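One is the number of the first residue; the rest follow in order along the sequence. Just so you know, these numbers come straight off a predicted model, no measurement behind them.
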Amino acid sequence: MSSIPTHGNYHGYYTKRPFFKDERLGVLPSSIFKGRRVLDIGCNEGWVTCEIAQSYGACSVIGVDIDENLIEGAWRRRRTVWSMQAPTKPNLSTSEDSNGSPQRKKRKLQHIDEYEPARHYFPASCEHEYGSLPIAPSSNRGKDVFPHNIAFRTADWVETGIPEDSEGYEIVVALSISKWIHLNEGDDGLKRFFRRVYEVLKPAGTFVLEPQQWESYAKAKRLNHTLKENGRNLVIRPTDFESILKDIGFSSRRPFGTIGEGGFSRAVDLYVKS
């Protein structure tokens, strides 16, 4: 793939938009991802994907990106996040032995409900100096607990599905990606993307969309001739997204405010599959 980020596939993107807790996730209902199957489209190096899997109780999270190198970075990010997480402490319950004396029993933890993982417990320097921590088999902790509840795929998802699509998702997340799909695939490609999201969502499933403003298209179009030419022919504007999604079968837009500053100041919207 070209080193020019014509699909928004910026390497080192999160060094420009660093976070401890992503503000875009923070404005959403706290239980929105709990126990859900989630697809993160345009996941880049997996920072948001890992946060959803680790801290929001999702049972399964798939991150997909068109750039194979970014997906390799996402797998490394998974291991880094795991290496910085605090050791899991089992809950201790108290009972009585045959003599009536208190006795503490250890209970194996396998579900996110039973503990809150302490993120960034170890400093990044620990991994740099000693290497990543090994990941125990999923049988030890459960498949729906981080880091076993997350995976990454390389794909042009607008054109080609991934195996996990067949099971469907309760939530599809598309953060800062609609502009790039729009410029690369045109108005028809954007509509196709929205229809594909609708198709893979289960009934009453949720679509979380962070659309980029129309003004930001101008800079992106300068990256190469194809984007420039495609941009000239676009009729749809981000302000039209709600009506298009409603025509496909989504609910009205549910806005959650504008997050970020400067060029990263964007709306976070939620749509529900009717």
Side-chain angles (χ1 to χ4, degrees), residues 7-8 22 24-25 27-44 48-49 52-53 56-66 151 153 155-214 216-217 230-231 233-259 266-274:
H7 292 86
D22 193 283
R24 295 167 294 181
L25 300 180
V27 300
L28 298 171
S30 59
S31 61
I32 187 173
F33 297 107
K34 190 177 182 64
R36 305 293 200 273
R37 278 180 54 83
V38 182
L39 175 65
D40 181 12
I41 302 171
C43 68
N44 198 270
V48 170
T49 327
I52 293 171
Y56 286 87
C59 68
S60 175
V61 188
I62 307 299
V64 61
D65 200 281
I66 198 170
R153 295 278 189 179
D156 180 358
W157 192 82
V158 179
E159 303 296 336
T160 306
I162 58 177
E164 290 81 2
D165 291 348
S166 61
E167 295 183 46
Y169 308 94
E170 279 92 10
I171 300 180
V172 172
V173 177
L175 303 179
S176 298
I177 192 66
S178 58
K179 172 178 68 178
W180 300 105
I181 294 172
H182 202 182
L183 282 171
N184 279 280
E185 306 295 335
D187 288 340
D188 289 342
L190 180 71
K191 291 179 180 179
R192 187 164 61 252
F193 166 62
F194 288 154
R195 285 194 295 268
R196 289 216 59 230
V197 171
Y198 185 87
E199 290 167 359
V200 301
L201 276 172
K202 296 180 179 181
T206 300
F207 180 31
V208 178
L209 176 65
E210 180 195 20
Q212 293 105 316
Q213 298 174 343
W214 176 251
S216 71
Y217 281 55
N230 288 350
N233 298 318
L234 298 181
V235 175
I236 294 173
R237 300 292 185 265
T239 52
D240 301 322
F241 289 1
E242 181 179 11
S243 62
I244 294 170
L245 287 164
K246 288 176 70 175
D247 287 342
I248 291 172
F250 284 98
S251 67
S252 297
R253 178 177 70 100
R254 184 181 174 188
F256 281 87
T258 300
I259 309 303
R266 297 166 189 162
V268 176
D269 299 326
L270 185 151
Y271 297 87
V272 176
K273 179 175 179 177
S274 303

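Nearest heavy-atom pair, Gly8 versus Asn44, reported as atom, atom and distance to 0.1 Å: O-ND2, 4.4 Å. Counting all heavy atoms, side chain and backbone alike, Cys43 lies closest to Gly63 at SG-C, 3.6 Å. Nearest approach of Lys202 to Lys273, heavy atoms of both residues: O-CD, 3.6 Å. Taking each heavy atom of Ile177 and Gly42 in turn, the nearest pair found is CD1-CA, 4.2 Å. Pairing each heavy atom of Ile171 with each of Ile32, the nearest pair is CD1-O, 3.0 Å. Here the closest non-hydrogen pair linking Asp188 and Arg195 is O-NH2, 4.5 Å.
In this structure the side chain of Leu39 reaches within 4.5 angstrom of the side chain of Ile162, judged on heavy atoms. A 4.5 Å side-chain heavy-atom check between Glu185 and Asp156 finds at least one atom pair inside the cut-off. Contact check for Cys59 versus Arg36: no side-chain heavy atoms found under the 4.5 Å cut-off. A heavy-atom distance below 4.5 Å is not found between the side chains of Val268 and Leu25. Residues Leu270 and Thr206 have side chains in contact (heavy-atom distance under 4.5 Å, counting atoms from C-beta outward). Between Tyr217 and Leu183 the shortest side-chain heavy-atom distance falls below 4.5 Å. You'll find the side chain of Ser60 stays beyond 4.5 Å of the side chain of Val38, heavy atoms only. Ser31 has its side chain out of reach of Tyr56: every pair of non-hydrogen atoms, C-beta onward, lies at least 4.5 Å apart.
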Determine whether Leu201 and Phe207 satisfy the following criterion, side chain to side chain contact (heavy atoms under 4.5 Å, CB included), listing intermediate values before the conclusion. CA-CA 8 Å; Leu201 276 172; Phe207 180 31; 4.2 Å; yes
Between Ile259 and Val27, is the side chain to side chain contact (heavy atoms under 4.5 Å, CB included) condition met? List the steps. CA-CA 9 Å; Ile259 309 303; Val27 300; 3.3 Å; yes
Run the side chain to side chain contact (heavy atoms under 4.5 Å, CB included) check on Asp65 and Ile41 step by step: do they pass? CA-CA 6 Å; Asp65 200 281; Ile41 302 171; over 6 Å; no
Check the pair Ser176, Arg24 against side chain to side chain contact (heavy atoms under 4.5 Å, CB included), reporting the backbone distance first and the verdict last. CA-CA 11 Å; Ser176 298; Arg24 295 167 294 181; 3.7 Å; yes
Could you walk me through whether Phe193 and His182 pass the ring-ring contact (aromatic ring centres under 6.0 Å, His included) test, one step at a time? CA-CA 9 Å; Phe193 166 62; His182 202 182; over 10 Å; no
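For the side-chain hydrogen bond (donor to acceptor under 3.5 Å, both in side chains) test, residues two or more places apart in sequence or in another chain that qualify with Tyr169 are Asp165. For Tyr198, the ring pair (Phe, Tyr, Trp, His ring centres under 6.0 Å) criterion is met by Phe250, not counting sequence neighbours. Under the side-chain hydrogen bond (donor to acceptor under 3.5 Å, both in side chains) criterion, Gln212 pairs with Ser178, not counting sequence neighbours. Take Arg153 and apply the side-chain hydrogen bond (donor to acceptor under 3.5 Å, both in side chains) test, not counting sequence neighbours, and it matches Glu164. Every residue was checked against the ring pair (Phe, Tyr, Trp, His ring centres under 6.0 Å) condition with Tyr271, not counting sequence neighbours, and none meets it. Phe241 meets the ring pair (Phe, Tyr, Trp, His ring centres under 6.0 Å) test with Phe194; sequence neighbours excluded.
Looking only at atom types and distance, the side chain of Thr258 has no donor-acceptor partner in the side chain of Arg266 under 3.5 Å away.
No more than 12 heavy atoms of other residues, nucleotides or ligands lie within 6.0 Å of NZ in Lys246, so this atom counts as exposed by the packing criterion.
A salt bridge between Arg37 and Glu170 is absent, with no side-chain N of the basic residue lying under 4.0 Å from a carboxylate O of the acidic one.
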